[in-house]
Amino acid sequence: MKNEIISLLPPAHPWGESVYYLETVDSTSTYCKALAQKGAPEGTAVIAKHQTGGRGRMGRSFHSPDGGLYMTVILRPKRKAEELMHLTCLIGIAAANAVHTVSGIRPGLKWINDLVIGTKKVGGILVEMALLPGGFVDYALVGIGINCRDDIAPELMDIATALDRETGREISPTALAAALLQEIKVQYQGLIDRKSDIMDTYRTLCVTLNREVLLLRGEEQKKAFAISVTDNGGLLVQYPDGAQEVIASGEASVRGLFGYLS
C-alpha cells in the first residue's frame with residue numbers, strides 16, 4: 001500500500017518517502033509520536049488498516065474497523081502554540097477537500113473536528129502538540145480517521161456513516177490517503193500567511209453555525225445559538241439571555257438539540 005500511495009502523489013512530493021503502512025496498530029498517533037520524538041522529519045505519515053485503540057477528542061475512543069483510513073502526519077511548524085490554534089480547522093478543510101477528490105462528496109465540518117455528511121459523522125480529526133521551552137511547538141501530530149467502508153458498529157448507526165454508503169461505490173483508502181497527503185501539504189503552506197482565508201473557508205464548511213446547539217461540559221448542559229467561529233478556532237455562541245461566549249476547543253462538546261447534529 002505504501003508504494004501505491006507514493007505512486008499517486010505528484011512527482012517529487014516532499015513527503016512521499018516518509019510513509020509507514022501498518023496492517024494493525026494500537027493508534028497511528030501513538031506510533032507517530034514515537035517517531036517524532038526520535039526526530040522523524042515533517043511529513044512523516046503513519047497509515048493503518050485497523051486500529052485497536054484509536055483516540056478521539058477529549059479522551060474518547062475512536063471506532064476503527066477494517067476498511068477505514070487511519071492516518072497521522074507529523075508537522076513541525078516552528079511557531080508558538082498560540083499562533084496555531086486554527087490548525088485543526090486547516091486540517092478539516094484539507095480532509096474535506098480530499099474526500100471530495102476521491103468521492104465527489106464534500107463533507108461539512110461539525111465544530112471543531114468532525115467531518116459530516118448530512119447529519120452523520122464520516123470522520124474525525126485529532127491534533128496534538130508537543131511544546132519546547134518558550135512555548136514553541138516541537139511537533140504537531142495530525143490524526144485523521146475516515147470511514148470508507150460501511151462496517152459501522154450497530155450502536156453508532158444513528159450518528160455515523162461511511163463513504164461507500166453515501167456514494168454507492170467502493171472508495172479506495174489508498175487513493176484517499178494520497179489525496180490527504182497532497183491536500184494537507186497544500187493547505188499547510190498557507191498556515192500563517194493565509195490564516196484569514198483558511199478561517200473564511202472553514203466557516204463556509206462549518207455545519208454547526210446558525211443553529212441551536214447543546215454545549216456539554218462534563219455533567220453540565222447549556223442551550224445556545226452558534227454564531228460564528230473565531231480566527232483562533234473558538235466557537236462564538238449566544239445564550240438565551242443574550243450573553244455571548246467564545247468556547248475554546250477542548251472546553252466543551254457540541255451537539256444538536258435532538259441528537260448528534262440535528
Side-chain angles (χ1 to χ4, degrees), residues 1-6 8 15 18-38 40 43-75 87-88 91-92 94-96 98-99 102-103 107 109-110 112-117 120-130 139-166 170-181 183-184 249-250 253 260:
M1 184 172 181
K2 172 181 176 177
N3 291 336
E4 293 177 45
I5 293 170
I6 293 172
L8 293 172
W15 295 354
S18 301
V19 174
Y20 293 75
Y21 175 73
L22 307 169
E23 286 288 326
T24 300
V25 69
D26 55 350
S27 162
T28 58
S29 289
T30 300
Y31 194 99
C32 215
K33 181 177 181 179
L35 295 175
Q37 291 174 336
K38 294 177 182 178
T44 297
V46 176
I47 301 167
K49 181 180 178 182
H50 176 75
Q51 293 185 127
T52 59
R55 295 181 292 114
R57 182 169 168 262
M58 302 181 78
R60 300 187 184 94
S61 62
F62 186 88
H63 184 60
S64 312
D66 288 355
L69 173 66
Y70 313 108
M71 171 192 288
T72 300
V73 180
I74 298 172
L75 300 178
L87 180 57
T88 298
I91 299 301
V99 169
V102 300
S103 74
L109 298 170
K110 174 181 169 292
I112 183 170
N113 64 332
D114 286 355
L115 289 89
V116 298
I117 298 176
K120 295 185 177 183
K121 179 176 178 176
V122 73
I125 296 162
L126 179 64
V127 174
E128 302 172 281
M129 298 184 189
Y139 59 84
L141 302 178
V142 174
I144 303 167
I146 298 176
N147 302 328
C148 296
R149 190 171 69 194
D150 195 356
D151 190 16
I152 297 167
E155 65 270 20
L156 299 176
M157 291 295 289
D158 289 342
I159 64 170
T161 188
L163 293 180
D164 64 351
R165 185 197 303 177
E166 298 296 331
E170 183 177 346
I171 300 298
S172 165
T174 302
L176 182 54
L180 271 169
L181 284 173
E183 278 293 336
I184 292 172
S249 171
S253 293
Y260 169 73

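The structure displayed is predicted, hence computed values, not measured ones. Computed over heavy atoms, backbone and side chain alike; hydrogens, waters and symmetry mates excluded.
Taking every heavy atom of both residues into account, Ala95 and Leu115 meet most closely at CB-CD2, 3.7 Å. Summarising the geometry of Met129 relative to Ala140, their closest heavy-atom pair is CG-CB, 4.2 Å, with the distance given to 0.1 Å. When all heavy atoms are compared, the tightest approach of Pro107 to Ala96 is CD-O, 3.6 Å.
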(request) Could you give me the CA-CA distance, side-chain angles and deciding distance for Leu163 and Val122, then say whether side chain to side chain contact (heavy atoms under 4.5 Å, CB included) is met? (result) CA-CA 7 Å; Leu163 293 180; Val122 73; 3.8 Å; yes
(message) Please determine whether side chain to side chain contact (heavy atoms under 4.5 Å, CB included) holds for the pair Val73 and Leu180, giving the CA-CA distance in whole Å, both sets of side-chain angles, and the decisive distance to 0.1 Å.
(response) CA-CA 10 Å; Val73 180; Leu180 271 169; over 6 Å; no
(request) With side chain to side chain contact (heavy atoms under 4.5 Å, CB included) as the test, would you mind laying out the steps for Val25 and Tyr70 before giving the verdict? (result) CA-CA 10 Å; Val25 69; Tyr70 313 108; over 6 Å; no
(request) Would you sort out whether Glu166 and Ser103 count as a side chain to side chain contact (heavy atoms under 4.5 Å, CB included), showing the intermediate values? (result) CA-CA 9 Å; Glu166 298 296 331; Ser103 74; over 6 Å; no
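Between Leu141 atom CG and Tyr31 atom OH the span is 14.0 Å, to the nearest 0.5 Å. Between Ile184 atom CD1 and Ile144 atom CD1 the span is 4.0 Å, to the nearest 0.5 Å. We find the SG-NZ distance between Cys148 and Lys49 to be 12.5 Å, quoted to the nearest 0.5 Å. To the nearest 0.5 Å, atoms CD1 (Ile171) and CZ (Arg149) are separated by 13.0 Å. Atom CG of Leu176 and atom CD of Glu183 lie 11.0 Å apart (nearest 0.5 Å). Within the model, atoms NZ of Lys110 and CG of Asn113 stand 7.5 Å from one another, a figure rounded to the nearest 0.5 Å.
Crowding of Tyr20 atom OH: a count of heavy atoms from other residues, nucleotides or ligands under 6.0 Å not exceeding 12. Other residues, nucleotides and ligands contribute at most 12 non-hydrogen atoms within 6.0 Å of the NZ atom of Lys33. Atom CD of Gln37 sits in a crowded spot, with more than 12 heavy atoms from other residues, nucleotides or ligands closer than 6.0 Å.
Thr28 meets the side-chain hydrogen bond (donor to acceptor under 3.5 Å, both in side chains) test with Gln51, Thr72; sequence neighbours excluded. With sequence neighbours left out, Ala177 forms a side-chain contact (heavy atoms from CB on, under 4.5 Å) with Ile5, Ile47, Leu69, Met71. Considering only residues two or more places apart in sequence or on other chains, Ser18 meets the side-chain contact (heavy atoms from CB on, under 4.5 Å) condition with Pro41, Thr44. Looking at residues two or more places apart in sequence or on another chain, you find a side-chain contact (heavy atoms from CB on, under 4.5 Å) between Ala175 and Leu8, Val102, Ser172. Remark: Asp150 engages Ile152, Ala162, Asp164, Arg165 in a side-chain contact (heavy atoms from CB on, under 4.5 Å) (not counting sequence neighbours).
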